[in-house]
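Per chain, numbering begins at 1; letters A, B, ... match sequence-line order.
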Amino acid sequence: MTEKVLMKGNEAIAEAALRSGCLHYFGYPITPQTELTAYMAKRLPKMEGGVFLQAESEISAINMVYGVASTGKRVMTSSSSPGVSLKQEGISYIAGSDLPAVIVNVQRGGPGLGGIQPSQSDYFQATKGGGHGDYHLIVLTPSSVQEMADLTSLAFDLADKYRCPAMLLADGTMGQMMEPVALPEPHMGTVEKPWAVTGTQMKRKHNVVNSLYLQPEVLEKTNFERFERYRQIEENEVRYESYLMDDAEYCIVAFGIAARVAKNAITMMRKDGLKVGLIRPITVWPFPKKAIREAADKVKGFVSVELSMGQMIEDVRLAEECRRPVVLCNRAGGMIPGVDQIIAVTKDLVSSVEGGAR
Amino acid sequence: MTLFCGHYGSGKTNIAVNYALHLRRQGLEVTIADLDIVNPYFRSKDSTDVLEAEGVRVIALPFANSSVDLPALPSAAYAVVQDRTRHAVLDIGGDDRGAYALGRFVPYLLEENDYEMLYVVNFQRPLTTTVFDAVEVMREIEIACGLAFTGIVNNTNLGAETTLDLVKGSYRKAEELCKVTGLPLFMVTAESSIAAEEMFPLRLQKRPFE
């Protein structure tokens with residue numbers, strides 16, 4: 001690890017990408033992720049082989065990503081919610097062509113043009129498809145500026161390893177906040193890419209990168225093969241943080257900025273003798289189903305804290321198999337749930353479960 | 001007139017707010033103008049209550065901090081540069097892009113010829129960790145706004161992990177920056193709980209998730 005520097009979350013993503021050997025960036029500025037694009041604009045032209053291009057739209061940016069990804073080079077695009085919606089068609093093509101690429105969404109309030117304040121309301125879009133067809137993204141959710149850097153590096157490695165696009169799903173707070181960060185050591189990735197379109201030098205059969213399969217039998221086969229890889233990802237790449245869960249009677253599930261507020265709420269509730277813990281998904285796809293399922297054996301209820309109208313809560317319910325009550329604690333439209341709100345919702349859950357015994 | 005310019009995220013806004021209060025406490029009539037056209041989030045307007053409670057006049061866009069993300073300037077900004085009876089503290093947006101906003105006021109500043117333009121630098125920021133990089137950002141800002149810096153503010157910090165040793169450890173770079181540019185060190189700043197006697201103490205706004 002290098003000496004710590006003080007960075008905005010958006011800058012940390014950009015610098016971590018450069019240190020992961022990403023020399024190609026295509027994007028279009030949008031608040032609250034613009035610092036990422038600006039950082040790339042400043043740094044990439046000074047790097048050997050670096051290409052920064054401000055595309056004329058998010059649609060062209062994602063298709064430039066598609067192109068570079070076909071050559072096996074590490075490549076990234078970033079945007080915020082409305083811009084990521086525009087990218088969905090391209091993301092589906094990249095997934096359908098089995099290409100590694102990293103897409104960053106520093107979410108803001110929606111739907112529509114929404115606002116510029118933080119949000120987690122693109123959870124469904126990120127974890128349940130977003131674009132057309134059967135596909136998944138590996139979706140990583142940072143909860144600090146340090147994780148903005150670390151998970152960016154991880155996103156490149158996982159994308160290469162499984163030949164699929166990976167998404168960093170952050171929120172406006174994560175993008176804008178400044179924290180000390182130890183930047184990852186430069187590493188370029190070691191995965192061989194024999195499928196890459198790099199020119200045959202007349203020495204091999206040419207490679208084809210394509211998502212068009214007109215024979216349904218063949219298209220079905222590519223889907224089954226892809227889902228076998230997804231199964232491996234679900235088996236090997238689930239990441240989460242378990243916080244004070246050993247003796248917990250109630251479990252908060254929260255990611256990103258919501259998890260940070262939840263930790264403060266848990267500290268205060270524990271002072272009152274209420275045994276609350278936190279499961280913080282770091283990958284929301286694959287979702288930490290097993291951790292939630294095992295927690296359901298021990299705890300009396302779950303609180304899903306979200307900056308949305310309640311999206312992750314569906315995954316929590318699926319994972320705990322409806323054995324315990326799961327309640328939502330949320331704000332929307334750019335608002336962040338507060339410590340007081342989390343405590344109030346948790347205490348309501350406690351009294352409904354324990355019949356006011358407490 | 002005191003202008004704070006520098007690299008994006010170098011600490012200009014916090015310093016401008018604290019410096020305006022400092023001048024006011026010395027009995028001066030002070031106006032602070034938020035001329036940041038780059039960042040829609042962290043602005044001197046955030047501190048309006050604190051500033052006005054102590055009698056500092058705040059000039060900012062009516063929609064600053066309202067999530068309206070427009071690179072516009074407050075119309076009252078001309079009053080700030082033309083009013084010679086009050087001390088003005090100008091909080092300029094980051095980098096050369098932020099400094100473009102200053103360009104239109106430069107003729108007035110030069111005519112009055114009573115300004116200090118301070119370069120805020122944090123050597124723990126990744127794009128200004130070296131003196132060479134700090135000078136580059138400095139020159140970009142000067143070219144963008146058409147005004148030359150008159151002093152250096154060393155605001156080296158690591159956020160919540162700042163220590164006195166870390167601040168003092170940056171003195172050598174700050175001295176070198178002064179030497180290379182021929183500019184005086186205007187002040188060293190540090191968060192008030194750790195600031196040593198020779199440092200200008202900063203009171204920072206606390207955020208709910210910390």
Side-chain angles (χ1 to χ4, degrees), chain A residues 2-12 14-16 18-19 29-32 34-35 38-39 41-43 46 80 108-109 113-118 143-145 149 172-183 256-265 333-334 336-340, chain B residues 7-14 37-43 46 63-71 93-98 120-130 132-133 136-137 140 155-163 165-167 169-170 173 191 204-210:
Chain A
T2 48
E3 192 200 0
K4 280 190 177 180
V5 286
L6 185 67
M7 295 188 94
K8 278 203 163 206
N10 287 331
E11 298 170 338
E15 183 61 38
L18 298 175
R19 285 165 184 251
I30 178 171
T31 307
T34 299
E35 293 84 3
Y39 196 94
K42 231 182 171 87
R43 292 271 277 120
K46 292 180 186 169
S80 180
R108 57 188 250 181
L113 209 43
I116 64 166
Q117 299 300 333
S143 188
S144 65
V145 175
T173 328
M174 285 297 128
Q176 292 297 320
M177 76 188 332
M178 288 181 86
E179 285 183 326
V181 50
L183 290 164
I257 185 66
R260 291 174 70 132
V261 184
K263 280 186 180 174
N264 289 342
I336 302 173
V339 167
D340 293 346
Chain B
H7 177 43
Y8 194 74
S10 59
K12 300 172 293 297
T13 297
N14 269 315
I37 57 162
V38 181
N39 190 338
Y41 296 103
F42 306 113
R43 311 185 58 130
D46 291 327
F63 50 79
N65 286 347
S66 68
S67 290
V68 178
D69 190 5
L70 281 182
D95 289 346
D96 47 351
R97 284 167 185 80
V120 180
V121 62
N122 175 359
F123 288 110
Q124 295 295 135
R125 292 277 290 145
L127 297 188
T128 56
T129 52
T130 68
F132 183 89
D133 288 342
E136 187 178 339
V137 172
E140 286 169 357
N155 184 44
T156 296
N157 74 89
L158 248 186
E161 293 181 21
T162 312
T163 61
D165 282 349
L166 180 117
V167 179
S170 70
K173 280 184 188 172
E191 205 266 314
L204 310 179
Q205 290 191 333
K206 209 66 183 139
R207 295 171 295 184
F209 41 80
E210 287 172 329

> Most heavy-atom pairs under 4.5 angstrom with chain A, which of B:Asn122, B:Leu158, B:Asp95, B:Asn39?
Replying inline: B:Leu158

>> One pair to check against salt bridge (charged side-chain N to carboxylate O under 4.0 Å, His left out): A:Lys42 and B:Glu136. What are the steps and the verdict?
In response: CA-CA 12 Å; A:Lys42 231 182 171 87; B:Glu136 187 178 339; over 6 Å; no

> So do the side chains of A:Glu179 and B:Glu161 get within less than 4.5 Å of each other, counting heavy atoms only?
Replying inline: no

>> How close do B:Pro126 and A:Met7 get, counting heavy atoms only, and between which atoms?
In response: CG-CE, 3.3 Å

> Looking at residues at least two apart in the chain, or sitting in another chain, which of them share a side chain to side chain donor-acceptor pair (under 3.5 Å) with B:Thr130?
Replying inline: B:Asp133

> So which of B:Asn157, B:Val38, B:Thr129, B:Leu127 has the biggest tally of heavy-atom pairs under 4.5 Å with chain A?
Replying inline: B:Leu127

> For A:Ser144, which residues count as a side chain to side chain donor-acceptor pair (under 3.5 Å) partner, sequence neighbours excluded?
Replying inline: none

>> Quick check on B:Thr162 against chain A: is it the side chain, the backbone, both or neither that has a heavy atom closer than 4.5 Å?
In response: neither

> If you take all heavy atoms of A:Lys8 and B:Arg125, which pair is closest and at what distance?
Replying inline: N-NH1, 3.8 Å

> Of the non-hydrogen atoms in B:Phe42 and A:Gln176, which two are nearest, and what is the gap between them?
Replying inline: CE1-O, 3.5 Å

> Any sub-3.5 Å donor-acceptor pair from B:Tyr41's side-chain atoms to A:Gly172's backbone N or O?
Replying inline: no

